[in-house]
Peer 1: 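The structure under discussion is supplied below as structure tokens; questions concerning it will follow.
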Amino acid sequence: MGGQLEDRGWGLEGLMSLHQASHGLTDAPGQYALFENARRARLGQSREEYAAGMGALFAPFTDVAAKNPHASAPVRRSAEELVTVTETNRMIADPYPRYVVARDKVNQGAAVLVMSVRTARRLGVPEERWVFLHGHADLRERDLMERSDLSRSPAAVMAAEHALEVAGITAGQLTTIDLYSCFPIAVSNVADGLDLSADDPRGLTLTGGLPFFGGAGNNYSMHAIAETVQHPRTAPGSYGLVGANGSSLSKYSVGVYSTTPTAWRADDSAALQAQIDAWEAPEEARRADGWASVETYTVKYGRGGARTGVVIGRLEADGRRFIALVHQGDEEMLGLLSDGEPVGSRVFVRSFGLGNRVTTSQERMDTILPRREPVLRDDYEYVTVHRDGHLLEVTINRPEARNSLHPMANEELDEVFDAYFADPELWVALLTGAGDKSFSAGNDLKYSASGKPMWVPKNGFAGLTSRRNMTKPVIAAVNGFAMGGGCEIALACHLTVADETARFALSEVKVGLAAGAGGLVRLPRAVPRKIATEMILTGRQVTADEALGLGLVNQVVPAGTALAGARALAAEIQEGSPTSVRVSLQVMAETEGIADTADAVEHPSSALESLMVSQDAIEGMTAFAQKRRPEWKNR
């Protein structure tokens with residue numbers, strides 16, 4: 001048979017960011033629990049009061065499920081039983097015990113036959129079986145961190161109200177209602193908006209709901225529609241509403257059904273969506289540092305007693321919203337979240353490569369996550385360092401992995417460069433790769449595919465690609481391949497010396513990725529844009545000589561001599577004043593974004609003023625006058 005499959009993809013775009021995933025928000029219970037606790041705070045209820053409300057909301061659902069032969073858990077439970085934590089009803093994510101969480105691991109199916117009236121007549125479908133769609137709407141809420149109020153989803157309520165408006169009826173005229181019920185707030189959010197109570201005599205479900213009937217992974221709302229259309233067939237002219245929720249109170253679709261014949265009625269969802277998209281959104285702080293207040297929270301419970309605290313808060317300094325995790329083992333902060341009334345509490349947050357971490361005070365943060373001293377050590381596992389006077393040589397030491405980097409290697413490089421930039425006795429740094437095959441193959445894809453935790457330091461890949469204030473020179477000594485992230489490392493360095501075997505490429509497109517560690521930005525600024533675009537879109541390798549012609553490298557040296565060439569270039573730099581070198585790099589960075597040349601030249605820089613009163617400036621002019629070599633002090 002012929003036919004066409006309409007593949008709409010996963011439908012996950014914008015529903016969960018990598019930033020949220022790095023803070024543990026990959027699960028539905030954790031995300032919904034944040035909304036639930038925000039709602040509890042808005043209502044001013046205690047934990048016990050709010051739990052009782054969740055139980056009262058879902059107890060009638062169990063009554064329906066108990067009578068449904070298709071339900072996966074046809075057991076009638078009391079409101080108290082639903083929310084009392086026991087061995088079998090363990091806590092999943094505060095405030096959710098297992099009985100009020102959607103039942104996903106079931107195998108269910110449903111189908112709805114849609115056709116025109118003409119086709120129904122041609123096929124001989126009895127008219128008493130016909131059910132018409134009278135009202136409909138489909139809206140999408142702002143992304144999680146863009147919502148002004150995390151305690152509700154106004155877009156879902158707007159969808160329900162608009163579907164009723166299109167149908168030309170009110171909520172009071174409905175005979176049946178089925179509200180998507182993955183978690184209590186998915187029901188209460190719409191019920192609050194439509195002024196429906198938990199004990200509405202019509203009920204808020206026809207199937208028994210997702211925690212008891214099941215179906216979160218089995219197109220639950222299709223089951224709801226299949227149940228809904230049965231009722232107007234026995235009570236012609238009555239109306240039934242189905243509300244379908246997607247992701248984290250994110251997408252909401254509503255249908256209003258009746259046997260009363262009606263032509264297709266257009267909705268105005270597009271105009272409503274434009275209003276939603278124009279709502280003011282709080283600014284997010286991806287890297288949050290300082291005192292803050294808790295906006296909402298949850299504690300996720302793993303088997304075996306493990307607990308993970310998640311907080312969404314607002315920075316005191318500027319009101320920006322952030323997401324943060326509680327450091328494992330921080331019982332004081334977990335205690336505040338688990339036993340206290342944390343919403344509104346003053347807390348302290350600090351950003352790390354792993355993400356933001358939150359605790360009760362700055363003093364406690366310094367205790368459980370002490371700041372790393374920027375000093376070199378002699379026990380690195382994935383890099384080696386060699387200090388030669390004012391020169392620091394850094395070698396990526398993973399030749400068995402073509403000097404590719406995983407999180408631990410990135411952290412070590414970040415630590416090394418922190419120490420380099422903090423040490424006034426170090427004036428120039430060289431970076432190379434162990435062996436003669438690769439400078440760096442970039443990200444360690446085997447590690448990435450292992451499922452182990454992934455992160456990058458705050459200062460970026462290799463501790464360089466996102467580093468600001470690089471006011472001391474870093475020279476890349478490229479020996480062999482600089483692929484993907486390896487090429488991005490070289491682009492982040494001030495200067496590059498390549499041996500004749502070197503090859504450069506932003507090869508991410510070859511493995512379904514993109515050069516997100518600066519390659520997409522730096523390469524078009526380093527070489528002609530069309531060449532950069534070609535390299536980015538094809539992953540084409542560039543030889544050392546071609547790279548030299550493009551201005552991508554400073555020098556090409558014989559095979560095996562990249563490090564020696566870099567040392568010679570570093571020696572030339574050290575002939576000049578380290579203070580002048582530092583100030584020059586600072587002013588170059590300050591003026592890089594100023595388009596007008598005259599404005600850039602006139603840019604006032606405190607660095608230049610400091611230079612003119614430095615000892616090195618005085619020494620340089622004095623030595624010139626005395627016809628001797630200057631003795632630089634780097635101050």
Peer 1: Tell me whether Glu146 contacts the main-chain N or O of Ala281 through its side chain, where contact means a donor paired with an acceptor under 3.5 Å.
Peer 2: no

Peer 1: What residue among Arg47, Arg307, Arg40, Lys300 forms salt bridge (charged side-chain N to carboxylate O under 4.0 Å, His left out) with Asp94?
Peer 2: Arg47

Peer 1: Roughly how far apart are Asp149 CG and Arg42 CZ, rounded to 0.5 Å?
Peer 2: 6.0 Å

Peer 1: Do the non-hydrogen side-chain atoms of Leu325 and Val358 ever get within less than 4.5 Å of each other?
Peer 2: no

Peer 1: Determine whether Val311 and Val349 make a side-chain contact, defined as any pair of heavy atoms from C-beta on separated by less than 4.5 Å.
Peer 2: no

Peer 1: Hey, are Asp143 and Arg140 close enough for a salt bridge, meaning a charged N less than 4.0 Å from a carboxylate O?
Peer 2: yes

Peer 1: With Arg77 as the cation and Tyr99 as the aromatic partner, state whether NZ or CZ is under 6.0 Å from the six-membered ring centre and within 45° of the axis.
Peer 2: yes

Peer 1: Between Ser351 (side chain only) and Arg287 (backbone N and O only), is there a donor and an acceptor less than 3.5 Å apart?
Peer 2: no

Peer 1: Find the distance between CG (Asn245) and OH (Tyr252) and round it off to the nearest 0.5 Å.
Peer 2: 6.5 Å

Peer 1: Considering only heavy atoms from C-beta outward, does the side chain of Glu284 approach that of His19 to under 4.5 Å?
Peer 2: yes

Peer 1: Between Val229, Val117, Thr260, which is the residue that forms a side chain to side chain contact (heavy atoms under 4.5 Å, CB included) with Phe132?
Peer 2: Val117

Peer 1: Taking 4.0 angstrom as the limit, do Asp366 and Arg350 come out as a salt bridge?
Peer 2: yes

Peer 1: Could you tell me whether a side-chain N or O of Trp130 sits under 3.5 Å from a main-chain N or O of Val125, the two making a donor and an acceptor?
Peer 2: yes

Peer 1: Distance from Gln328 atom CD to Leu334 atom CG, nearest 0.5 Å?
Peer 2: 7.5 Å

Peer 1: Has the side chain of Gln108 got a donor or acceptor atom that lies under 3.5 Å from a matching backbone atom of Phe213?
Peer 2: yes

Peer 1: Just so I know, are the side chains of Glu161 and Leu194 near enough to count as touching, which here means a heavy-atom distance under 4.5 Å?
Peer 2: yes

Peer 1: Going from OG on Ser72 to CG on Asp104, what distance comes out if it is rounded to the nearest 0.5 angstrom?
Peer 2: 10.5 Å

Peer 1: Under a 3.5 Å distance rule, please check whether Asp178 uses its side chain to pair with a backbone N or O of Val242 as donor and acceptor.
Peer 2: no

Peer 1: Between Arg98 and Thr88 (side chain of the first, backbone of the second, donor and acceptor by atom type, cut-off under 3.5 Å), is there such a pair?
Peer 2: yes

Peer 1: Distance check, rounded to the nearest 0.5 Å: Phe58 atom CZ versus Phe183 atom CZ?
Peer 2: 9.0 Å

Peer 1: Any side-chain heavy atom of Tyr301 within less than 4.5 Å of one from Ser338?
Peer 2: yes

Peer 1: Taking all non-hydrogen atoms of both residues into account, name the closest pair between Ala137 and Asp267 and its distance.
Peer 2: CA-OD2, 4.1 Å

Peer 1: Can you list everything that forms a side chain to side chain donor-acceptor pair (under 3.5 Å) with Glu80? Sequence neighbours excluded, please.
Peer 2: none

Peer 1: Could you walk me through whether Leu206 and Gln230 pass the side chain to side chain contact (heavy atoms under 4.5 Å, CB included) test, one step at a time?
Peer 2: CA-CA 10 Å; Leu206 293 178; Gln230 305 299 328; over 6 Å; no

Peer 1: Please evaluate residues Trp291 and Gln362 with respect to the criterion side chain to side chain contact (heavy atoms under 4.5 Å, CB included), reporting the C-alpha separation (whole Å), side-chain torsions for both, the decisive distance (0.1 Å), and the verdict.
Peer 2: CA-CA 8 Å; Trp291 287 102; Gln362 183 174 354; 4.2 Å; yes

Peer 1: Could you tell me whether the side chain of Ser250 and the main chain of Ser247 form a donor-acceptor pair under 3.5 Å?
Peer 2: no

Peer 1: Taking only residues two or more places apart in sequence, or in another chain, which ones meet Arg364 in a side chain to side chain donor-acceptor pair (under 3.5 Å)?
Peer 2: Asp330

Peer 1: Would you check if the side chain of Glu295 reaches a backbone N or O of Ile312 as a donor-acceptor pair within less than 3.5 Å?
Peer 2: no

Peer 1: Do Leu210 and Cys182 come within less than 4.5 Å of each other through their side chains, counting heavy atoms only?
Peer 2: yes

Peer 1: Does the distance from a Lys or Arg side-chain N to an Asp or Glu carboxylate O, for Asp192 and Arg152, drop under 4.0 Å?
Peer 2: no

Peer 1: Nearest 0.5 Å, what's the OG-NE2 distance between Ser269 and His162?
Peer 2: 5.0 Å

Peer 1: What are the two closest heavy atoms between Gly109 and His223, and how far apart are they?
Peer 2: O-CE1, 3.2 Å

Peer 1: For Leu123, I'd like to know if atom CG has over 12 heavy atoms of other residues, nucleotides or ligands within 6.0 Å.
Peer 2: yes

Peer 1: Tell me if a side-chain donor or acceptor on Ser221 pairs with a main-chain N or O of Ala224 at a distance below 3.5 Å.
Peer 2: no

Peer 1: Are more than 12 heavy atoms, taken from residues, nucleotides or ligands other than Asn107, located less than 6.0 Å from that residue's CG atom?
Peer 2: no

Peer 1: Surrounding CD of Glu280 (heavy atoms of other residues, nucleotides or ligands, distance under 6.0 Å), is the total greater than 12?
Peer 2: no

Peer 1: On a heavy-atom basis, which atom in Trp455 and which in Gly353 lie closest, and how many Å separate them?
Peer 2: CB-O, 3.8 Å

Peer 1: Taking all non-hydrogen atoms of both residues, which atom of Ala65 and which atom of Ala73 are closest, and how far apart?
Peer 2: CB-O, 4.1 Å

Peer 1: A side-chain contact here means heavy atoms from C-beta on lying under 4.5 Å apart; do Ser238 and Tyr257 qualify?
Peer 2: no

Peer 1: Please check if the side chain of Asn37 supplies one atom and the backbone of Tyr297 the other of a donor-acceptor pair under 3.5 Å.
Peer 2: yes

Peer 1: Looking at Ser345 and Leu336, what are the two nearest heavy atoms and their distance?
Peer 2: OG-CD1, 4.1 Å

Peer 1: Which is it for Gln20 and Met145 under the side chain to side chain contact (heavy atoms under 4.5 Å, CB included) test, yes or no, and what are the steps along the way?
Peer 2: CA-CA 9 Å; Gln20 290 170 30; Met145 297 297 282; 3.9 Å; yes

Peer 1: Would you check if Leu204 and Leu57 make a side-chain contact, meaning some heavy-atom pair closer than 4.5 Å?
Peer 2: yes

Peer 1: Show your reasoning for whether side chain to side chain contact (heavy atoms under 4.5 Å, CB included) applies to Leu164 and Leu241.
Peer 2: CA-CA 8 Å; Leu164 290 169; Leu241 178 145; 3.9 Å; yes

Peer 1: Where do Glu81 and Arg76 land on the salt bridge (charged side-chain N to carboxylate O under 4.0 Å, His left out) test, with the steps shown first?
Peer 2: CA-CA 10 Å; Glu81 185 181 4; Arg76 182 178 284 105; over 6 Å; no

Peer 1: Of all heavy-atom pairs between Thr298 and Leu337, which one has the smallest distance, and what is that distance?
Peer 2: O-CD1, 4.2 Å

Peer 1: Is a salt bridge present between Arg265 and Glu165, judged by a nitrogen-to-oxygen distance below 4.0 Å?
Peer 2: no

